[in-house]
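Sequence positions, counted from 1, serve as the residue numbers for this chain. These figures come from a predicted structure and were not determined experimentally.
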Amino acid sequence: MTPTELLPAPPPHAAARRALLAGSAGNLVEWYEFGVYGCFATVIAANFFTPHPATPGGGAEALVATYASFALAFFFRPVGALLFGRIGDRFGRRPALVLVIGLMTLATTLIGLLPTRADIGAAAPWLLTFLRVLQGLSAGGEFGGAVSLMVEHAPPGRRGLYGAWQSFTVALGLLAGAGTAAALAAVLPDEALYAWGWRIPFLLALPLGTVALWLRTTLEEPPGAPPDNPPGLPGAADTAEAVDTTHATDATGPTGPTGLGEQARAVVLGIGRIMGWSAAGYAFLVVLPSHLQSALGASFRDALLATTLVNLGFAASILPAGLLSDRVGRRPVMLGGALGIAVLAHPLLHLLQSPGASPQTRAAAVLTAGVLVGLLAGPGPAMLAEMFPRRVRCTGLGLSYALANAVFSGCAGLFITALTARTADTAVPAHYAAGACALSAVALLTLRGNDHREPLR
């Protein structure tokens, strides 16, 4: 029997489409919630992190505390990546994905039901932070399982496109969160929005999560059974794995990361390759609303409109970027995004701050910023999946993504808000995004030109 005959047959297209739908649904719920939290950061600060009754405005210290809670959740994501990645690698993608969507839906809904500081005092911010920790654990397991599921089901030559659906549903979730917040801000007076209106977007996660949970309980595992042994231990699955790795290449070595040390180096390299995506994505897509309000004096409605536009540009570029990476490779597309942000971040933010800029010019600026982030997010999931063999894929790519997000995304709001308040420099978001993307471009140069054509290990 030849090595080609030992490889699993490509899945039927119907099963691939179901996997794509089930994997994407959880991402939409997760990032819808994160988008809502970012859009309502000033409202949450007033309700949970100020000792006096909630009033519009919040205050800089309360906003910093809100983003500290935001960052804390991100630092639990690597724990979730290890926990649920282990489940996904050992017992299958479906059990891990069912668990994470259930936990995410429960925590998000409970945030919408939490009593505020005015109701129960200092316990309110602690309860909110605890629920954010649960969300962090869930989100940490979401990416590795969902990307593994979608990429492993992808037809030949379509891994970039299938992986891009993960990022695309992230964009849809952020866009849905920003759109919901903008709609509520348009129809509710500030008093009602701060008193009870902010709860509505969080409570909407319950029906969304229920649908996603049902989809995931009915999905099929990717071709080839999960390993019967824990990752790193020899077994029958490793024999088949060895056949596939004879064709695999990556910067970590001709056969990819096999030992624990090589896997750790692959995780570090993966972090470097996506740090620009993490930093610029959060600086532009999530932190922008509160920064425009607190640092530039924009109204809540204008800030939400800018966020909606940047997310539209992000969403519009993701799938084309993933498809393009299947044709020309991951490296040129992702390098284009990283270098574009490094060069254009400051001019784009300057246009937003310029009093003489027309509304059309400002709209074009935020759309461009979103498109550049999409060039990184489209090929990114498939690029990470191609770095790790199947027996450690959920854990490896999930941990790379979670650590990058913990450091460069979770801290973005806290870092940008605190440094802007301390220095009065309103260009801090541009410094942050441009610097991270410049460093990320160096790591992306290690990608091989034909990685996208090699079979998964």
Got a second to check how far F130's CZ is from I111's CD1, nearest 0.5 Å? 11.0 Å

Indicate yes or no: at least one non-hydrogen side-chain atom of T105 is less than 4.5 angstrom from one of L213. no

With Y162, which residues qualify under ring pair (Phe, Tyr, Trp, His ring centres under 6.0 Å), at least two apart? none

Given side chains that start at C-beta, do those of I341 and F284 come closer than 4.5 Å, heavy atoms only? yes

Between R448, R273, R159, which is the residue that forms a salt bridge (Lys or Arg N to Asp or Glu O under 4.0 Å) with E386? R159

Could you go through the side-chain contact (heavy atoms from CB on, under 4.5 Å) check for T210 and W214 one step at a time? CA-CA 6 Å; T210 301; W214 174 75; 5.9 Å; no

Could you go through Y282 and I416, starting from their C-alpha distance and side-chain angles, then the distance that decides it, and tell me whether this counts as side-chain contact (heavy atoms from CB on, under 4.5 Å)? CA-CA 11 Å; Y282 268 76; I416 290 171; over 6 Å; no

Among all residues two or more places apart in sequence or in another chain, which pass the ring pair (Phe, Tyr, Trp, His ring centres under 6.0 Å) test with F143? Y401

Would you find a donor on one side and an acceptor on the other, under 3.5 Å apart, between the side chain of S440 and the backbone of A436? no

Between S167 (side chain) and A377 (backbone), is there a donor-acceptor pair under 3.5 Å? yes

Begin from the C-alpha positions of I274 and M383 and carry the test side-chain contact (heavy atoms from CB on, under 4.5 Å) through to its verdict. CA-CA 10 Å; I274 66 170; M383 180 275 295; 3.7 Å; yes

Run the numbers on T108 and Q135 for side-chain contact (heavy atoms from CB on, under 4.5 Å), then give the verdict. CA-CA 7 Å; T108 304; Q135 289 179 323; 2.8 Å; yes

Over all atoms of both residues, closest heavy-atom pair of M150 and S24: SD-OG, 3.6 Å

How would you list, by chain and number, every residue that makes a side chain to side chain donor-acceptor pair (under 3.5 Å) with T361, sequence neighbours excluded? S358

Rounded to the nearest 0.5 Å, what separation is found between the CG atom of L21 and the CG atom of L215? 5.0 Å

Return the set of residues passing side chain to side chain donor-acceptor pair (under 3.5 Å) with R18 (not counting sequence neighbours), or none when no residue passes. E220

For the side chain to side chain contact (heavy atoms under 4.5 Å, CB included) test, which of P379, S148, S400 pairs with L384? S400

When rounded to the nearest 0.5 angstrom, what distance separates CZ in F415 from NE2 in H431? 9.0 Å

Taking all non-hydrogen atoms of both residues into account, name the closest pair between A107 and L131 and its distance. CB-O, 3.8 Å

At their closest point, which heavy atom of L161 faces which heavy atom of W165, and how far apart are they? O-CD1, 3.2 Å

Can you name the ring pair (Phe, Tyr, Trp, His ring centres under 6.0 Å) partners of F84, sequence neighbours left out? none

Which atom of G276 lies closest to which atom of L376, heavy atoms considered: C-CD1, 4.0 Å

Measure the spacing between CG of L444 and CH2 of W277 and express it to the nearest 0.5 Å. 11.0 Å

Please answer whether the main-chain N or O of S325 pairs with a side-chain N or O of R330 as donor and acceptor at a distance below 3.5 Å. yes

Got a sec, which pairs hit salt bridge (Lys or Arg N to Asp or Glu O under 4.0 Å) with one end in residues 337-351, sequence neighbours left out? none

Non-hydrogen side-chain atoms of L419 and D425 separated by less than 4.5 Å: no

Kindly give the heavy-atom pair with the smallest separation between S278 and A404, and that separation in Å. OG-CB, 3.7 Å

Does the R77 side chain pair with the main chain of G141, one donor and one acceptor, at a distance under 3.5 Å? no

Is it the case that the side chain of R393 and the backbone of F388 share a donor-acceptor pair, with hydrogens and angles ignored and the cut-off at 3.5 Å? yes

How long is the straight-line distance from CD1 of I271 back to CZ of F408, given to the nearest 0.5 Å? 8.0 Å

Heavy-atom pair with the smallest gap, counting every atom of E142 and L97: O-CD2, 4.0 Å

Within the 4.5 Å heavy-atom criterion, are L83 and L137 side-chain neighbours or not? no

Pairwise distance CG(L99) to CD1(I87) - rounded to 0.5 angstrom: 5.5 Å

Just by modelled atom types, is the V100 backbone N or O under 3.5 Å from a matching donor or acceptor in the S138 side chain? yes

